[in-house]
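Step one of this worksheet: look at the structure below.
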Amino acid sequence: MRRAGKVVAEIHEKTRAIIKPGITTLDIDKASREVLERRGARSNFLNYHGFPATVCTSPNDMIVHGIPGDYVLEEGDIISVDCGAIVEGYHGDAAYTAPVGEVSADARRLLEVTERSLFAGIEQMYEGNRLHEIGRAVQQVAEAAGYSVVRNYVGHAIGTAMHEEPQVPNYWPGAPGPRLKVGNVFAVEPMVNAGGAATVELSDGWSVVTADGSLSAHFEHTIAVTDGGPEILTLG
Ligand code: MG
Ligand code: MG
């Protein structure tokens with residue numbers, strides 16, 4: 001899983017490097033495919049329930065699951081990129097939201113807070129702590145900044161499949177979760193909206209947007225619980 005995580009980190013690095021006004025979301029998918037091919041890794045996104053690409057690209061008010069295509073990034077956009085890799089049967093999964101050129105102070109703050117909420121969740125990933133503390137920490141950071149956390153999509157355990165049980169909500173789920181054990185690996189992935197938490201799925205059957213049209217950001221890492229604390233497997 002460390003090896004799969006490194007490939008995902010490299011996809012992040014290579015796709016971040018090309019993000020600027022004028023490129024298309026399909027260009028981001030191409031950059032991802034090049035890394036997967038060079039590293040001999042397989043994509044866990046391509047053909048997932050029929051998904052046609054190796055990355056999800058979700059601009060502005062799109063929260064997750066956007067399909068790469070001819071959308072041209074514009075100065076001032078934010079773009080969420082979610083991707084993964086399989087190496088020898090083991091999965092990695094991670095996402096980031098990047099500014100396109102110069103963005104508004106509001107957009108910058110949303111990105112900064114969402115990434116900070118992810119790291120607040122990761123800090124809770126030590127042996128013996130309870131799973132729900134991850135989401136509670138994420139929610140605290142996001143809501144303290146006046147934002148809302150998406151409820152309809154959540155993080156997940158990950159291993160020989162991308163999505164394993166249990167789910168990892170980004171909010172207090174209303175009941176205590178199981179205790180964390182060394183060897184657990186989770187994809188923690190806060191989706192934070194500048195406005196309300198409500199979501200709408202578009203008619204393409206994939207793209208999910210904020211119901212109120214507000215901006216949304218998404219940060220994700222694959223993290224292992226080790227006896228030395230949380231180890232982020234998808235860091236560069
Ligand atoms: Mg992901
Ligand atoms: Mg995920």
Side-chain angles (χ1 to χ4, degrees), residues 1-2 4-16 19 25 28-29 31-33 35-36 41-59 62-68 78-87 90-98 111 114-115 117-119 121-122 125 131 134-135 138 149-171 173 177 184-193 199 201 206-209 216-225 230-236:
M1 294 195 75
R2 288 189 177 98
K6 287 294 177 204
V7 175
V8 177
E10 188 176 346
I11 297 172
H12 278 203
E13 186 194 328
K14 293 292 193 281
T15 54
R16 263 184 188 279
I19 288 174
T25 48
I28 299 173
D29 185 53
S32 163
R33 285 174 192 253
V35 174
L36 289 164
R42 287 198 302 126
S43 173
N44 37 13
F45 280 48
L46 185 63
N47 299 324
Y48 181 88
H49 296 284
F51 191 77
T54 68
V55 295
C56 295
T57 50
S58 308
M62 196 175 288
I63 303 167
V64 283
H65 304 165
I67 302 171
I78 59 171
I79 178 76
S80 296
V81 177
D82 191 357
C83 64
I86 309 170
V87 173
Y90 288 94
H91 290 243
D93 179 15
Y96 65 89
T97 304
L111 268 49
T114 307
E115 187 167 26
S117 77
L118 167 60
F119 280 89
I122 291 172
M125 288 185 61
L131 182 68
I134 299 171
V138 167
V149 167
V150 170
R151 303 292 203 276
N152 293 339
Y153 303 88
V154 295
H156 47 93
I158 178 169
T160 52
M162 180 158 59
H163 296 134
E164 297 184 349
E165 291 296 322
Q167 294 191 336
V168 183
N170 297 301
Y171 51 90
N184 286 159
V185 186
F186 300 121
V188 179
E189 50 178 313
M191 289 145 265
V192 175
N193 297 348
T199 66
E201 190 185 286
W206 285 104
S207 309
V208 177
V209 298
S216 185
H218 182 203
F219 283 85
E220 176 181 29
H221 274 302
T222 296
I223 309 110
V225 178
E231 179 181 337
I232 303 173
L233 306 182
T234 44
L235 267 187

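Start at 1 and go down the list; that is how both ligands and their atoms are numbered. Atoms considered below: every heavy atom in the structure, side chains included; atoms not considered: hydrogens, waters and symmetry mates. Bear in mind that the values here come from a model prediction, so they are computed numbers and not experimental data.
Applying the 6.0 Å contact sphere to CZ of Phe45 captures more than 12 heavy atoms from other residues, nucleotides or ligands. Around CZ of Arg151, the count of heavy atoms belonging to other residues, nucleotides or ligands within 6.0 Å exceeds 12.
Contact detail for Val208 and Met62: the closest heavy-atom pair is O-CG, 3.3 Å. Of all the heavy atoms in Val8 and Ala94, the pair that sits closest is CG1-CB, 3.7 Å.
Ring-centre distance between His163 and Tyr48: below the 6.0 Å cut-off.
Shown are the protein N/O/S atoms under 2.8 Å from the Mg ion (ligand 2), given by residue and atom: Asp93 OD2, His156 NE2, Glu189 OE2, Glu220 OE2.
Thr234 pairs with exactly one of His221, His12, Glu220 by the side-chain contact (heavy atoms from CB on, under 4.5 Å) rule, that one being His221.
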